[in-house]
Number of protein chains: 2
Amino acid sequence: MELDRLDRDIIGALVEDARATYADIGAAIGLSASAVKRRVDRLRESGAITGFSARVSPQALGWTTEAYVELFCAGKTKPSDIALAVMRFPEVVSAATITGEADALLHIRATDVRHVERVIERIAAEAFVVRTKSAIVLSRLVDATPGTAVPVERNGSANPA
Amino acid sequence: MELDRLDRDIIGALVEDARATYADIGAAIGLSASAVKRRVDRLRESGAITGFSARVSPQALGWTTEAYVELFCAGKTKPSDIALAVMRFPEVVSAATITGEADALLHIRATDVRHVERVIERIAAEAFVVRTKSAIVLSRLVDATPGTAVPVERNGSANPA
DNA sequence: CATGAAACAGAGCTACG
DNA sequence: CGTAGCTCTGTTTCATG
């Protein structure tokens, strides 16, 4: 799909404020409200915009600690096996298979260090996991994420407060 | 600040769809539209909700490749030095200082592997960087991020298409 | 083919009870 | 917190370059 400058400007405006009115966005980029709506509808159908979301503060919700965990897995573990296993933990906010020594890298959000430890313990207990190597986040320097990831009760098990 | 179940349900609804109407959210959790608006206003003032943002597909915008880069820095490099340096790269979507051998971990989004390489080269050229260790993402397994991070033209230098 | 203007319906917002 | 009222926005239709 083809995106021109106006489409990019509209996306930029909506990333900044998803509740901005079509009229305001139009005024900012030089387009009428209906034209903006048409383009937004098109951007949604094409998959460029997948939805709209609230930006929440993990700290305010009690998720004050984060960690990155490298996973070293058994011989021929399938990525889908890893996915299925880590998906069950709401604390796993992001996971990906990577190049290098480790097989996968997980990003974990938890209420405190004890909580991180418990989650890692349970993940390490998975059959295919040979060993883990974790790094606790000391301070966040950059977070370009529009809506910072926060654990969600996918199986009704996560709630700090 | 104190958050009850209704507040959490409202946040959950807004993370799923930031453009949901107050009436719809109210109907889902058993509250009137005005009551929902009052709570949302309160959640914004308290800082639990920091804003609303469009969820965009990095792929659709041309950001098809991602990598994690560990930074090993000189003796007494300050976290703020690292922050200032990596902030200048729109491709650095997230950065944090961490425990362990490495000093910091960066999450990079780029258009292709060549692009990743160029960014790492430029970061490695920073005075305080001793060496880097990077891992290209092979496949993303989990992404709980409501609005997936996408490089933004913070200094007018980033645009894949 | 996309845009802008107009018209209707529906949501946001602000009292007040 | 819910209800009622006014205002503004979302949405569709239509005509135009």
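Chain naming here is simple, since letters A, B, ... match the order of the sequence lines and numbering starts at 1 in each. These numbers come from the heavy atoms of this one structure, side chains and all, not from hydrogens, waters or symmetry mates.
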Below 3.5 Å, can you tabulate the donor-acceptor pairs from side chains in residues 116-134 of chain A to any protein atom, sequence neighbours excluded?
residue, atom, partner, partner atom, Å
A:Glu117, OE1, A:Arg114, NH1, 2.6
A:Glu126, OE2, A:Arg88, NH2, 2.5

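With contacts defined as side-chain heavy-atom distances shorter than 4.5 Å, the pair B:Cys73/B:Ile82 qualifies.
Under the 6.0 Å distance and 45° angle rule, A:Arg19 counts as a cation-pi partner of B:Tyr22.
With respect to B:Arg8 and B:Asp4, no salt bridge is recorded, no charged nitrogen being found less than 4.0 Å from a carboxylate O. With salt bridges taken as basic N to acidic carboxylate O contacts below 4.0 Å, one links A:Glu66 and A:Arg109.
Taking atom CG of residue B:Leu14 and atom C1' of nucleotide C:dA11, one finds them 15 Å apart after rounding to whole Å. If you measure from atom CZ of A:Arg39 to atom P of D:dT12, you get 18 Å, rounded to the nearest angstrom.
Taking every heavy atom of both residues into account, B:Arg140 and B:Val142 meet most closely at NH1-O, 3.2 Å.
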Would you list the protein and nucleotides 5-9 of chain C atom pairs, both N or O, that sit under 3.5 Å from each other?
residue, atom, partner, partner atom, Å
C:dA5, N6, A:Ser34, OG, 3.3

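Along DNA chain D, the nucleotide closest to A:Ala33 and the one closest to B:Ala33 are compared, and the more 5′ of them pairs with B:Ala33.
Within residues 18-26 of chain B, the residues approaching DNA chain D are B:Arg19, by heavy-atom distance under 4.0 Å.
The side chain to side chain contact (heavy atoms under 4.5 Å, CB included) with B:Leu43 is formed by just one residue from the set B:Leu14, B:Asp7, B:Thr50; it is B:Asp7.
Considering only side-chain N and O atoms, B:Lys37 lies under 4.0 angstrom from the phosphate OP1 or OP2 of C:dC13.
Taking the six-membered ring for Trp and thresholds of 30 and 60 degrees, B:Tyr68 and B:His107 have nearly parallel ring planes, at less than 30 degrees apart.
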